[in-house]
Q: 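Quick one: this structure, given as structure tokens, is what I'll be asking you about.
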Amino acid sequence: MRYAFYLGCVIPTRLFAYEASSRKVCRELGIELVDMEDYICCGTPIEAVSHRTWLVMAAYNLALAEKMGLDILTLCNGCVNSLKKANAGLKEDPGLRKEINSVLKKFGMEYRGRVEVKHLIKVLYEDVGIEEIKKKVKRPLTGLVAASHVGCHVLKPGWVMQHDSPERPKILDELIEATGAKTVDYPYKTECCGQTLRGLNDGISLALLQKKLGNIEDAKADVLVTICPACNMQFDMGQMEIRQKFKKNYDIPVMHYPEILGLAFGIGKEDLGVLTHKVKPTKLMKELTNGL
Amino acid sequence: MERFLKEVPGDTGINACYQCGTCMSSCPTAKFDRKYRPRLFVIKTASGREDEVIKSDALWSCTTCYTCQERCPRGIKVAEMIMAMQNEAARQGRAPEKFARTVSVLQKSGLTSELVGFVRKQREKLGLDALDATPEVRVDVVKKIFDETGINRLFEKVKGRKERKEKKENEEKKEEGGV
């Protein structure tokens with residue numbers, strides 16, 4: 001298990017816990033991450049205004065991994081969506097490939113369609129497997145009740161992503177349960193968190209967030225588990241904003257899946273960066289250290 | 001309409017729409033904004049009235065969650081159609097300010113967020129390597145891609161539109177003041 005590690009923009013610059021916990025968990029499981037040097041943004045943030053610019057940016061990164069001769073592993077729903085869509089579009093359209101390659105040629109690069117792109121979660125589920133993960137659990141998170149939010153872009157469009165059922169995803173919940181924790185369902189579990197509307201329609205972005213948080217609160221979850229940096233920031237920092245604006249305090253800790261897994265593997269919370277979140281999982285950590 | 005069909009990978013088959021409204025009832029934005037109606041975006045586009053969609057502010061309230069597209073019983077790529085229309089709106093100088101900011105940051109760091117001093121310290125604390133060894137390579141690549149694909153021109157138009165609008169408003173104010 002050796003992958004070209006595509007970190008994207010937000011994870012290395014803001015979500016240190018996601019990167020640290022992912023690297024440590026992968027090391028435990030024998031997944032070798034080879035950092036992609038000088039990669040660029042995957043293009044997602046400007047896809048709505050320039051399809052062509054997006055495609056060249058995505059193709060550049062795919063070509064970079066081709067040079068390394070490795071499939072790509074990423075931690076971000078936006079990146080996996082961008083790179084897989086570009087890969088699918090370029091593979092099926094030789095004319096488009098030629099056009100995009102005429103730009104890449106200026107950097108001495110060429111897209112040939114030789115690599116695949118996977119989200120970490122898919123690698124854990126398919127390459128490693130639930131049974132192998134369970135074997136590594138040293139400190140089961142028994143008693144912990146987790147709600148999951150998979151996020152849209154790793155699931156849809158389904159015909160490209162081929163990740164999990166877009167309507168009833170189960171991979172993340174199974175992976176959470178492998179740690180010994182329980183998962184709870186809640187209404188609108190697969191609904192968008194609203195992050196993509198930040199700066200475009202903040203009112204609806206917050207309305208969507210509140211709807212989700214209310215349902216997660218009602219489900220009595222101890223923690224919300226995410227696998228996307230954008231969703232994670234929306235849920236974590238968004239709770240601060242809601243507290244200020246609406247005087248409503250949900251106090252739901254939001255953690256990246258590898259943090260949960262790392263805790264179950266017995267890795268220290270400082271090493272995983274668990275306390276870097278805005279909503280501090282203080283109570284949760286106390287319960288965990290008491291053995292729950 | 002033809003131009004949208006060309007931009008979307010595969011065939012949107014937009015004429016297959018029978019207006020069932022599944023897209024709208026699945027849409028997270030439509031639940032909160034009555035003006036946001038993907039079902040109408042489709043029928044307007046299919047009947048040659050796409051300009052009404054392109055020029056509406058509502059076009060930019062798509063979350064890109066793809067649920068409309070995923071659930072369409074006619075297999076219409078609704079989300080991709082909306083994105084193609086956003087691209088066209090951007091060509092007409094109608095891209096929201098957010099995208100101009102994104103493009104500007106990308107040209108500074110090659111990423112959407114910068115590797116500043118604070119970042120270095122935090123990374124060190126968690127035992128993560130410094131990643132900013134050669135940011136100039138990134139920046140150079142992104143700048144060249146932007147030049148080649150002409151994304152900056154979109155925002156010259158936005159600026160132009162904004163200036164014209166402000167000029168018009170100022171003139172109107174002057175006229176009002178004169179009365």
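Quick caveat: nothing in here was measured; it's all calculated off a predicted structure.
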Q: Based on non-hydrogen pairs under 4.5 Å, which of B/Asp140, B/Val103, B/Leu128, B/Thr112 is most in contact with chain A?
A: B/Leu128
Q: Quick one: are the ring centres of B/Phe99 and B/Trp60 less than 6.0 Å apart?
A: yes
Q: Will you find, in the side chains of A/Ser22 and A/His256, an N or O donor that is under 3.5 Å from an N or O acceptor?
A: no
Q: Please report the interatomic distance CD1(B/Ile54) to CE(B/Met85), rounded to the nearest 0.5 Å.
A: 4.5 Å
Q: At a heavy-atom separation under 4.5 Å, does A/Pro12 approach chain B through its side chain, its backbone, both, or neither?
A: both
Q: Distance under 6.0 Å and angle within 45° of the ring axis: does B/Arg138 meet both against A/Tyr39?
A: yes
Q: Please rank B/Arg101, B/Lys125, B/Arg71 by heavy-atom pairs under 4.5 Å with chain A and give me the top one.
A: B/Arg71
Q: Taking every heavy-atom pair that is under 4.5 Å apart, which of B/Thr64, B/Leu154, B/Leu106, B/Thr102 has the most such pairs with chain A?
A: B/Thr64
Q: Just to verify, which of A/Asn81, A/Val150, A/Asn77 counts as forming a side-chain contact (heavy atoms from CB on, under 4.5 Å) with A/Leu155?
A: A/Val150
Q: Report which part of B/Lys31 has an atom under 4.5 Å of a heavy atom belonging to chain A: side chain, backbone, both, or neither.
A: side chain
Q: At a 4.5 Å cut-off on heavy atoms, which part of B/Pro28 comes close to chain A: side chain, backbone, both, or neither?
A: both
Q: Pick one of side chain, backbone, both or neither for A/Leu7, based on which atoms fall under 4.5 Å of a heavy atom in chain B.
A: side chain
Q: Which region of A/Val103, side chain (C-beta onward) or backbone (N, CA, C, O), has a non-hydrogen atom less than 4.5 Å from a non-hydrogen atom of chain B, or is it both or neither?
A: side chain
Q: If you round to the nearest 0.5 Å, how far is NZ of B/Lys44 from OG of B/Ser56?
A: 7.5 Å
Q: At what distance, to the nearest 0.5 angstrom, does CD of B/Glu80 lie from CD of B/Gln69?
A: 4.5 Å
Q: If we define contacts as heavy-atom pairs under 4.5 Å, which of A/Met57, A/Glu191, A/Glu19, A/Arg52 has the most with chain B?
A: A/Glu19
Q: Between A/Glu167, A/Glu270, A/Lys211, A/Arg23, which has the largest tally of heavy atom pairs under 4.5 Å with chain B?
A: A/Glu167
Q: With chain A as the partner, which of B/Asp33, B/Asp57, B/Ile82, B/Val141 has the greatest number of non-hydrogen pairs under 4.5 Å?
A: B/Val141
Q: Would you give the length of the straight line joining atom CE of B/Met83 to atom CD of A/Glu47, rounded to the nearest 0.5 angstrom?
A: 4.0 Å
Q: Heavy-atom distances under 4.5 Å only: say whether B/Leu126 touches chain A with side chain, backbone, both or neither.
A: both
Q: Tell me, for A/Ala17 versus chain B, whether the close heavy atoms (under 4.5 Å) come from the side chain, the backbone, both or neither.
A: backbone
Q: Counting heavy-atom pairs under 4.5 Å with chain B, which one of A/Val56, A/Asp35, A/Leu197 comes out on top?
A: A/Leu197
Q: In terms of heavy-atom pairs under 4.5 Å, which option from A/Cys42, A/Gly8, A/Ser50 contacts chain B the most?
A: A/Ser50
Q: Tell me whether the count of non-hydrogen atoms from other residues, nucleotides or ligands lying under 6.0 Å of CD in B/Glu124 goes above 12.
A: no
Q: Could you grab the distance from atom CZ of B/Arg123 to atom CZ of A/Phe16, nearest 0.5 Å is fine?
A: 7.0 Å
Q: Of all of A/Ile40, A/Asp93, A/Thr190, A/Leu272, which one pairs up most often with chain B through heavy atoms under 4.5 Å apart?
A: A/Ile40
